[in-house]
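Counting from 1, the numbers follow the sequence of the chain as shown.
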Amino acid sequence: MNLLNRLPGRIYLILATLIFAASSSVTRQIINLGEQHLINGRNPISFCNVLLVGNIWALIILVLLYRQEIQTHPWKKLKSKDWGFLSLIALLSGALGPALIFSALDQTSVSNVILIGRIEPPLTLALSVLFLKERVNLWVIAGAILGFIGVGLTVLIAPASDSMVEMATFEIGVGELLVIAGAVATAIATIISKITLQHISLGFFSLYRTTLGTLIFFMIVVKLFGWSHFTDVFAPVIWQWMLIYSAIIVVGGQFFWLKGLKLSNASEVSLVNAFSPLAAIVFAYLIVREVPTFGQYIGGSVIAIAIIINQIGLNRLSPPPSPKPLSASGLDRSVGFKGM
């Protein structure tokens, strides 16, 4: 524990990023397992069931992990505005953001969702500079923009056909607007948490956010699709696998991510976010054997350059910025799926 407490914030962020980068591939493998345990022709491990059951397990693990902190937390002394900000952040980043992305996946391609969703890190950085007076320089800004361009190239460049590289079409429709709204909601939640929730403990915030986010998500799905959408939610296979998933991906990833946010600044968070798509490509190959496309090679190279430029910018900040505590900032989906 003493060693863990001495680790810099960047190490925690990197560990969390690696966990989250692998999460999509792990989720795909779990869904494939569900196809081997069909119930009346239905796969019980659906997207909504993964979110709901994963969060229920996460809540149980969070209670066990933070029970002492929760018991000693003076939650009764919180003011009404604190509860208001807590609920607003849980609504924005714990329920509204994921719900918008979920709806967008039904309206547009996954590639478009990934590309447009990358507006969140630079937007968060811009809001941090504007409202939190975060110190950055042109190198840091250029690195964040270049990272966004790299992800765009990864998505927009189609696999090579013969000797020609074709560019995918890109149109703004309802799905794309939903992604933008989801990214904006999460970025706003990140800034609000930095400004207003410095005195809220990590354990209490995590438990409250997960509880309220899960309830809101459940109500949204029932409202949109009806109770029948969760017909197979009690299948043993999904509870068994989601217990493992929740412990490692949701709770373990959240712990490292929030620990890193408390010891880091917005520039460092932006740097790690730029690295996450490249890590996701590597894990996709290792776990589900997805061979990278030509566009992913090009985009990954640009992202690697963005990481170098960002690092140069951080080193040129003189004197180096002291880490600002970011208690509860984010859980942004830009580094991968975190459950609710």
Side-chain angles (χ1 to χ4, degrees), residues 20 23-24 27 46-56 58-59 62 81-108 110 112-128 131 172-197 200 204-226 229-230 250 253-254 257-258 261 269 273 326-340:
F20 296 145
S23 64
S24 296
T27 301
S46 65
F47 180 75
C48 287
N49 286 347
V50 165
L51 284 173
L52 182 63
V53 177
N55 281 351
I56 292 174
L59 280 173
L62 284 172
K81 67 176 183 179
D82 294 325
W83 288 108
F85 285 127
L86 276 169
S87 301
L88 177 60
I89 294 169
L91 172 64
L92 290 173
S93 65
L96 182 60
L100 288 169
I101 297 299
F102 176 76
S103 299
L105 288 170
D106 192 43
Q107 300 285 337
T108 187
V110 176
N112 280 352
V113 171
I114 295 173
L115 172 64
I116 301 173
R118 291 302 295 177
I119 70 170
E120 184 185 336
L123 177 60
T124 301
L125 182 62
L127 292 175
S128 296
F131 294 103
I172 297 293
V174 175
E176 288 76 16
L177 294 176
L178 289 172
V179 178
I180 293 174
V184 171
T186 306
I188 293 174
T190 299
I191 300 303
I192 294 175
S193 65
K194 291 180 183 180
I195 296 175
T196 63
L197 300 182
I200 303 295
F204 181 80
F205 173 85
S206 298
L207 185 62
Y208 184 84
R209 179 185 184 277
T210 305
T211 301
L212 187 59
T214 302
L215 290 174
I216 295 175
F217 172 77
F218 177 78
M219 290 187 291
I220 290 176
V221 173
V222 170
K223 180 67 175 179
L224 293 177
F225 304 105
H229 203 69
F230 292 109
V250 180
Q254 278 191 34
W257 183 247
L258 287 174
L261 288 175
V269 174
N273 279 340
L326 307 179
S327 72
S329 63
L331 296 185
D332 41 303
R333 290 178 324 281
S334 58
V335 296
F337 168 71
K338 301 178 180 61
M340 291 300 291

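The minimum heavy-atom distance between His229 and Asn49, with the atom names listed, is O-OD1, 4.2 Å. Across Thr190 and Ser193, no two heavy atoms sit closer than the pair O-OG, 2.6 Å.
Taken to the nearest 0.5 Å, the CD1 atom of Ile220 stands 8.0 Å off from the CZ atom of Phe217. Ser93 OG to Ile192 CD1: the interatomic distance, rounded to the nearest 0.5 Å, is 9.0 Å. The CG atom of Leu52 sits 9.5 Å away from atom CG of Leu215, with the distance rounded to the nearest 0.5 Å. Here CG of Leu92 is found 6.5 Å from CD1 of Ile188. Values are rounded to the nearest 0.5 Å. Here the OG1-CD1 distance, from Thr210 to Ile56, works out to 12.0 Å after rounding to the nearest 0.5 Å.
For Tyr208, the ring pair (Phe, Tyr, Trp, His ring centres under 6.0 Å) criterion is met by Trp83, not counting sequence neighbours. The side chain to side chain contact (heavy atoms under 4.5 Å, CB included) search around Ala90 returns Arg209, Leu212, not counting sequence neighbours.
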